[in-house]
Amino acid sequence: MVVKLENSLIKEWDGYKGRPFLISGPCSAESEEQVLETAKLLAQIREVTIFRAGIWKPRTRPSSFEGVGVAGLKWLRKVKQETGLLVATEVANEKHVYEALKYGVDLLWIGARTSVNPFTVQEIADALKGVDVMVCVKNPINPDIELWIGAIERVAKAGIKKLAAVHRGFSSYEKTTYRNQPNWQLPIELRRRIPDLPIICDPSHIAGAREYLYEIAQKAMDLNFDGLMIESHINPDQALSDASQQLTPNDLKELLSRLILRNASPLDPKLLDILGELRQQIDVFDDHLIDLMEQRMKVSETIGQYKKENNITILQSARWEEVVKRAMTKGLAKGLSPELIDTIFKAIHQESINRQMRVMNNGIENHNHSEPK
Ligand code: PEP
Ligand code: MN
């Protein structure tokens, strides 16, 4: 079942000022001064609609700063009164929901470490029944779209109408440039599955470092995301959590001024918008194909190493026939032409053989392939 969303167009959300719908503020509320000073500067940035600050912080290790708790809700209320910004915080259980609502928090987000747990999400959804509040569901830390959709469905079923997904990247075992892998194909698939659901990108938790925020935010805009959640702190280097990924309000302003919003094109905005978004999707899938190909070739090389150590020939015809047959059956079932499958798999096979030859020859380049001399 795909959740049916009613009345959730982000344009109808409280305070909506246009795309990107911008949520900004520190990772954590640390003191009244830090919260209010940051909020006052952010309130001067046209795009900022919602002030965020974590009050209860899910930290990896227990000795880290775990948030100021309920005391911070008073500071958020003050932000609302003194700046006019709407306010947001993370909720991870029903008690958090009740406390936050008591203090008039406008938007609640369910964090990545919570959206992995259907019991907790259900507990939160039950606490939200009959409440008119904006809710964002961050993707679970692992790249599981069904789990993400499941969490969204639980909240939607509780009757929440102003509901959005937040893409904050996915944890991976490998050391990568970004703190969390964007795996853009997941939010794209989410858009395909639930077209009316607003999607907000959180470049801060994807990047993990200030220097990558712009490129991620721009990519999200090119993919036609509805909004951005970007962490901002008056003194990022001194922040008690996520210090390396937060921006000063001034740097946030500068980042926003560089963002190119494709749908602002004066030509045929609607067409350009659709084409631009589709082409970005193609780029994402092509990047994915290249990554997959690289991973496949690495496995081929490992097999080559094994063949070398055990004195086995590189070409194993029976195995190869099996590979092609399997790909053909699967590909045809998915509507791909036999020519496409044949061409691609022949090329992949040739590259695998070349790689294994190189391994056999101890890394000495194999020049037997078809390049003209
Ligand atoms: C946060 O927004 O500060 C946070 C803890 O995010 P996430 O759940 O994406 O890690
Ligand atoms: Mn954070």
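We use all heavy atoms of the structure for the numbers below, so side chains are in, but hydrogens, waters and symmetry mates are not. We count ligands from 1, going down the list as the structure has it; atoms in each ligand are counted the same way.
- With salt bridges taken as basic N to acidic carboxylate O contacts below 4.0 Å, none links Asp251 and Arg210.
- Taking atom 6 (O) of ligand 1 as the reference point, the nearest protein heavy-atom neighbour is Lys138 NZ, 2.9 Å.
- Within the 4.0 Å heavy-atom cutoff, Gly54 does not count among the residues contacting ligand 1.
- Looking only at side-chain heavy atoms (C-beta outward), Met229 and Ser204 stay at 4.5 Å or farther from each other.
- The pair Arg192-Glu189 meets the salt-bridge criterion, with a side-chain N (NZ, NE, NH1 or NH2) lying under 4.0 Å from an Asp/Glu carboxylate O.
- Under the 4.5 Å side-chain criterion, counting only non-hydrogen atoms from C-beta, Asn224 is not in contact with Gln280.
- With salt bridges taken as basic N to acidic carboxylate O contacts below 4.0 Å, one links Lys298 and Glu294.
- Summary of contacts: the protein heavy atom closest to atom 5 (C) of ligand 1 is Glu90 OE1, 3.5 Å.
- Atom 8 (O) of ligand 1 has Ala112 N, 2.8 Å as its closest protein atom, hydrogens excluded (heavy atom only).
- Interface atoms of ligand 1 facing Trp109, defined by a heavy-atom separation under 4.0 Å, are 2 (O).
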In a table with atom names and distances, give each donor-acceptor pair under 3.5 Å that connects a side chain of residues 21-32 to protein atoms at least two apart or in another chain.
residue : atom : partner : partner atom : Å
Ser24   : OG   : Ile230  : O            : 2.8
Ser28   : OG   : Ser241  : OG           : 2.6
Glu30   : OE1  : His233  : NE2          : 3.2
Glu30   : OE2  : His233  : NE2          : 3.2
Glu30   : OE2  : Leu240  : N            : 2.9
Ser31   : OG   : Gln34   : N            : 3.0
Glu32   : OE2  : Lys78   : NZ           : 2.7

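- For atom 9 (O) of ligand 1, the closest non-hydrogen atom of the protein is Arg168 NE, 2.6 Å.
- For His167 and Trp184, the distance between ring centers is under 6.0 angstrom.
- Between the SG atom of Cys27 and the OE2 atom of Glu231, the angle centred on the Mn ion (ligand 2) amounts to 100° when rounded to 10°.
- A salt bridge links Glu301 with Arg355; the closest basic N to acidic carboxylate O contact falls under 4.0 Å.
- Nearest protein neighbour of atom 2 (O) of ligand 1, counting heavy atoms only, is Arg52 NH1, 2.7 Å.
- Using a 4.5 Å cut-off on side-chain heavy atoms (C-beta onward), Asn93 and Tyr98 make no contact.
- Atoms of ligand 1 found under 4.0 Å from any heavy atom of Gly111 (numbered from 1 in listed order, with element): 8 (O).
- For ligand 1, one of its N or O atoms has an N or O atom of Arg113 under 3.5 Å away.
- Only the side chain of Lys57 comes within 4.0 Å of ligand 1, judged by heavy-atom distances.
- Close contacts of ligand 1 with Glu231, meaning ligand atoms under 4.0 Å from a residue heavy atom, involve 1 (C), 3 (O).
- In terms of protein heavy-atom proximity, atom 4 (C) of ligand 1 is closest to His205 NE2, 3.5 Å.
- Residue contact check: Cys27 has heavy atoms under 4.0 Å from atoms 3 (O) of ligand 1.
- Between the OD2 atom of Asp242 and the NE2 atom of His205, the angle centred on the Mn ion (ligand 2) amounts to 90° when rounded to 10°.
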Less than 3.5 Å apart, which donor and acceptor atoms pair up between the side chains of residues 335-348 and the rest of the protein, not counting sequence neighbours?
residue : atom : partner : partner atom : Å
Ser337  : OG   : Glu339  : OE1          : 3.4
Ser337  : OG   : Leu340  : N            : 3.2
Asp342  : OD2  : Lys346  : NZ           : 3.0
Thr343  : OG1  : Glu339  : O            : 2.6

